[in-house]
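Here the structure comes first, spelled out in structure tokens, and everything after it is commentary.
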Amino acid sequence: MSFALKLKELREEKGLSQAQLARELNVGIGSVGMWESTQRTPPAKRLKLIANYFGVTVDELLEVTPDEQAAGAILTRKASITPIEDELLHVFRRLGKKYDEKTQRGIIDMIEKML
């Protein structure tokens with residue numbers, strides 16, 4: 001999941017609009033909109049502030065796994081996955097939190113039949 005999708009997910013979980021989050025972080029509403037649309041990524045100091053606000057680490061906010069940290073694979077992953085693929089993965093991960101593996105496999109089968 002991209003930073004943009006993670007930020008939007010965290011914001012929505014708190015029930016905040018972009019304007020409300022902008023006020024909480026003391027930034028312009030346009031900044032939040034650009035972050036969520038992948039047009040910009042906040043600077044490191046702002047990332048830490050955002051992470052603290054949501055009670056997550058910067059690595060969690062950026063969705064960096066320990067393996068990616070160790071191998072430096074984040075650049076490879078970002079270069080090899082399209083934004084729509086990233087969004088599909090995000091949606092599937094949300095399904096994983098809600099449904100068991102059998103249901104997830106049923107969804108995969110249904111999608112494969114569409115192809």
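Residues: numbered from 1 along the sequence shown.
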Quiz item: How many angstroms lie between atom CD1 of Ile107 and atom OH of Tyr99, to the nearest 0.5 angstrom?
Solution: 6.5 Å
Quiz item: What distance do Ile108 atom CD1 and Thr103 atom OG1 have between them, rounded to the nearest 0.5 Å?
Solution: 11.0 Å
Practice problem: Could you pull out the closest heavy-atom pair between Ile50 and Pro42, with the gap in Å? | Solution: CD1-CG, 3.8 Å
Practice problem: For residues Leu21 and Val32, report the shortest heavy-atom separation together with the two atoms involved. | Solution: CD2-CG1, 4.1 Å
Quiz item: So how far is it from Glu24 CD to Arg11 CZ, rounded to the nearest 0.5 Å?
Solution: 13.0 Å
Self-check item: Common cluster, Leu62/Met34, ILVMFWY with side-chain heavy-atom separation under 4.5 Å
Solution: no
Exercise. Rounded to the nearest 0.5 Å, what's the gap from CZ on Phe3 to NZ on Lys8? Could you check?
Key: 13.5 Å
Quiz prompt | Heavy-atom closest pair, residues Glu60 and Lys6 | solution = O-CE, 3.8 Å
Exercise. Count the heavy atoms belonging to other residues, nucleotides or ligands that lie under 6.0 Å from CG of Asp100, then report whether that count exceeds 12.
Key: yes
Quiz item: What pair of heavy atoms forms the shortest contact from Ala4 to Trp35, and how long is it?
Solution: CB-O, 3.2 Å
Quiz item: Are Lys14 and Tyr53 in a cation-pi contact, defined as NZ or CZ under 6.0 Å from the six-membered ring centre and within 45° of the axis?
Solution: yes
Quiz item: Which pair of non-hydrogen atoms, one from Leu25 and one from Arg46, has the smallest distance, and what is that distance?
Solution: O-NH1, 3.0 Å
Quiz item: Linking I/L/V/M/F/W/Y whenever their side-chain heavy atoms sit closer than 4.5 Å, directly or via other members, would Ile111 and Leu88 fall into one cluster?
Solution: no
Quiz prompt | Minimum-distance pair of heavy atoms, taken over all atoms of Gln104 and Leu95 | solution = NE2-O, 4.4 Å
Quiz item: Out of curiosity, Thr38 OG1 to Leu7 CG, how far, rounded to the nearest 0.5 Å?
Solution: 12.0 Å
Quiz item: Taking atom CD of Glu101 as the centre, does the number of heavy atoms from other residues, nucleotides or ligands within less than 6.0 Å exceed 12?
Solution: no
Quiz item: Should Val58 and Leu49 be regarded as members of a common hydrophobic cluster, given that ILVMFWY residues are connected when their side-chain heavy atoms come within less than 4.5 Å of each other, either directly or indirectly?
Solution: yes
Quiz item: Between atom CZ of Arg105 and atom CE of Met110, what is the distance when rounded to the nearest 0.5 Å?
Solution: 15.0 Å
